[in-house]
Amino acid sequence: MHLVTGGAGFIGSHLVDALVDAGQKVRVIDNFSSGREEFLSHHEDSGRVEIFRADLLDRDAVKKSMQDVDMVHHLAANPDIRLGTEVTDTDLKQGTLATYNVLEAMRMEGVSRISFSSSSAIYGEADQMPTPETYGPVMPISLYGASKLGSEALITAWAGTFGAEAWIHRFANIVGPRGTHGVIFDFIHKLKRDPSRLEVLGNGMQEKSYMSAEDCVKAMIHLIGHCDKNVNLYNLGTGDTCSVRRIAEIVVEESGLEGVSIEYTGGDRGWAGDVPKTSLEVSRLLETGFKPNLASEEAIRHTARALISEIGL
Ligand code: NAD
C-alpha cells in the first residue's frame, strides 16, 4: 500500500492516478484545505484508493494512516509561497512540522521509504544557473523555501539515524490540469474578472522552469524505481525556462480574447520572497533514462488550455 499525503491536491491526485495505473493500492491522507474530492472521484468504484480525511498536524491520525503502508509519498504542504509574507508560521507548521509528524509516524509504524516533494525554492537566488543538486550553501529567501529545506534536513536525519530510505525531488514549477494556484491559474481568473486587461505582477522578465504534472509524477515514480541510495536527491524539471511575459501572451492567445492589454506592475519580482530567475540543472535526472514529454512552453500552453476549460472564461 502506498500512502500519499496531500493526495487530493493538484500534483498528489496526478500521482494517485499514476500509481493506480501502475497497479498499486493507494491510501490518501488529506485535510482538503486545498485538495478537492472531485480530483479523486474517478477512483471511487475502483477499490484501489482509500481516502483518510485528516490533518497531518494530528499525530494520532498520521500514525493510524501508516497501517499496512510500504511507501510514503509526502506531498501535503501549504503550496502558496506568497502567504509567507503575511502569515509567518504556516510553512513552519504545514511544511516542517507536518514532515516531522510523517517521519515520526513512519518510525513508530516501521515504514522506511519516503518520497518527498521539495522545491527549487530551497536554492533562493542561486548564483549558478542552471542550478545543480550539488549547489551550496543553499539559502532560501522565502519562508516556504526554508520549510522545504528544513524538511529535507529532517528526512536525511531520519535516513542517517533510523535507516529511512528517501527520494527527495526538488520540483521546478509544476503546471497542469487541476491546478488550483500559480501564475496560469491567476491569469485566467484575472481575465475572467476583466477580459479587457491582464495585470502581471513584476516586469514580466521573471524566468523559471516549468514541468507538466504528468511528467513530474512519472519522474517521481521512475526515480523510485531506478535509484536506490539511502538518500536520492534530484532536481525535477525540463532543463529550459519560460518568462512570465511569454506565459501572459500564451494565456491570452489560448483565451481567444481580442484586444487584451497586458499591464506590468513593475519591479524585478512578483512579491517579496519571489525568486525572479530559476533554472534547474536536470542532467542528473536525464542520466537515469527519464525524458520529459513536454518542454516548459508546451507544458504552459497545455495547462492554459486545460484550465480555461476547467475554470471557464
Ligand atoms: P496542493 O495545494 O494542490 O496540494 C497540497 C495538498 O495537501 C492539498 O490536497 C491539501 O488539502 C493537502 N494538505 C495541506 N496541508 C495539509 C495538512 N496539514 N494535512 C493534510 N493535508 C494537507 O499543491 P500542489 O501544487 O499539488 O503541491 C504538492 C506538493 O508539491 C507540495 O508539497 C508543494 O510544496 C510541492 N511543490 C509544488 C510545486 C508546484 O509548482 N505546484 C512546486 C514545487 C513543490
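For ligands, and for the atoms within them, numbers begin at 1 and follow the listed sequence.
Heavy-atom distances between Arg178 and ligand 1 stay at or above 4.0 Å for every pair. Distances from ligand 1 to the non-hydrogen atoms of Ser118 include at least one value under 4.0 Å. Ala54 counts as a contact of ligand 1, since one of its heavy atoms falls under 4.0 Å from the ligand. Residue-ligand proximity: His181 is placed with a non-hydrogen atom under 4.0 Å from ligand 1. Heavy atoms of Phe39 stay at 4.0 angstrom or farther from ligand 1. Residue Ala8 places a heavy atom under 4.0 Å from ligand 1. Within the 4.0 Å heavy-atom shell around ligand 1 one does not find Ser13. Under a 4.0 angstrom heavy-atom cut-off, Ser33 registers as being in contact with ligand 1.
A donor-acceptor contact under 3.5 angstrom links the side chains of Ser296 and Asp240, judged on distance only. The closest side-chain donor-acceptor pair between Arg170 and Ser119, if any, does not fall under 3.5 angstrom.
Two rings, from Phe290 and His222, have their centers less than 6.0 Å apart.
Between Ser117 and ligand 1, an N or O atom pair is found at a separation short of 3.5 Å. The shortest N or O to N or O distance between Leu57 and ligand 1 is not below 3.5 Å. Between Phe171 and ligand 1, not a single N/O pair is under 3.5 Å apart. For the pair Ser119 and ligand 1, the shortest N or O to N or O distance does not fall below 3.5 Å. Considering backbone and side-chain N/O atoms, Asn173 never comes within less than 3.5 Å of an N/O atom of ligand 1. In terms of N/O distances under 3.5 Å, ligand 1 is approached by Leu75. Inclusion of Ala76 in the set of residues having an N or O under 3.5 Å from an N or O of ligand 1 is not warranted.
In this structure a side-chain-to-backbone donor-acceptor pair under 3.5 Å is missing from Ser147 to Gly95. With hydrogens and angles disregarded, a donor-acceptor distance shorter than 3.5 Å links the side chain of Ser117 to the backbone of His74. Of the possible donor and acceptor atoms, none in the side chain of Asn203 sits under 3.5 Å from a partner among the backbone N and O of Gly266.
The protein heavy atom nearest to atom 21 (N) of ligand 1 is Asn31 N, 3.0 Å. Nearest to atom 2 (O) of ligand 1 among the protein's heavy atoms is Ser34 OG, 2.5 Å. For atom 18 (N) of ligand 1, the closest heavy atom belonging to the protein is Gln94 OE1, 2.6 Å. Closest protein heavy atom to atom 26 (O) of ligand 1: Ile11 N, 2.8 Å. In terms of protein heavy-atom proximity, atom 11 (O) of ligand 1 is nearest to Asp30 OD1, 2.6 Å. The protein heavy atom nearest to atom 3 (O) of ligand 1 is Phe10 N, 2.8 Å. In terms of protein heavy-atom proximity, atom 5 (C) of ligand 1 is closest to Ala77 O, 3.8 Å.
A cation-pi arrangement is not found for Arg82 relative to Tyr144, the charged atom failing to lie both closer than 6.0 Å to the ring centre and inside a 45° cone about the ring normal. With a 6.0 Å cutoff to the six-membered ring centre and a 45° limit on the axis angle, Arg107 counts as a cation-pi contact of Phe162.
Applying the 4.0 Å criterion to heavy atoms of Gly35 picks out, from ligand 1, the atoms 8 (C), 9 (O), 10 (C), 11 (O). Residue contact check: Leu56 has heavy atoms under 4.0 Å from atoms 17 (C), 18 (N), 19 (N), 20 (C) of ligand 1. Listed by number with element, the atoms of ligand 1 under 4.0 angstrom from any heavy atom of Lys148 are 31 (C), 32 (O), 33 (C), 34 (O). Which parts of ligand 1 touch Gly9 is read off a 4.0 Å heavy-atom cut-off, strictly below it: atoms 3 (O), 4 (O), 8 (C), 9 (O). Atoms of ligand 1 found under 4.0 Å from any heavy atom of Ala172 (numbered from 1 in listed order, with element): 42 (C), 43 (C). Here is the list of ligand 1 atoms found below 4.0 Å of a heavy atom in Asp55: 17 (C), 18 (N), 19 (N).
For atom 35 (C) of ligand 1, the choice among Phe52, Tyr144, Phe116 with the nearest heavy atom turns out to be Tyr144.
You'll find the side chain of Lys148 reaches within 4.5 Å of the side chain of Phe116, heavy atoms only. Proximity of Leu280 to Pro130: side-chain heavy atoms (C-beta onward) are nowhere separated by under 4.5 Å. A 4.5 Å side-chain heavy-atom check between His43 and Arg48 finds every atom pair outside the cut-off.
Proximity of Phe32 to ligand 1, defined as any heavy-atom pair under 4.0 Å, is confined to the backbone N, CA, C and O atoms.
Transitive grouping of hydrophobic side chains (ILVMFWY, heavy atoms separated by less than 4.5 Å) brings Val49 and Ile221 into a common cluster.
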Inset, instruction - Before giving the answer on salt bridge (Lys or Arg N to Asp or Glu O under 4.0 Å), spell out for Arg246 and Glu249 the whole-Å C-alpha distance, their side-chain angles and the decisive distance to 0.1 Å. - result: CA-CA 5 Å; Arg246 185 73 197 116; Glu249 287 166 4; 2.7 Å; yes
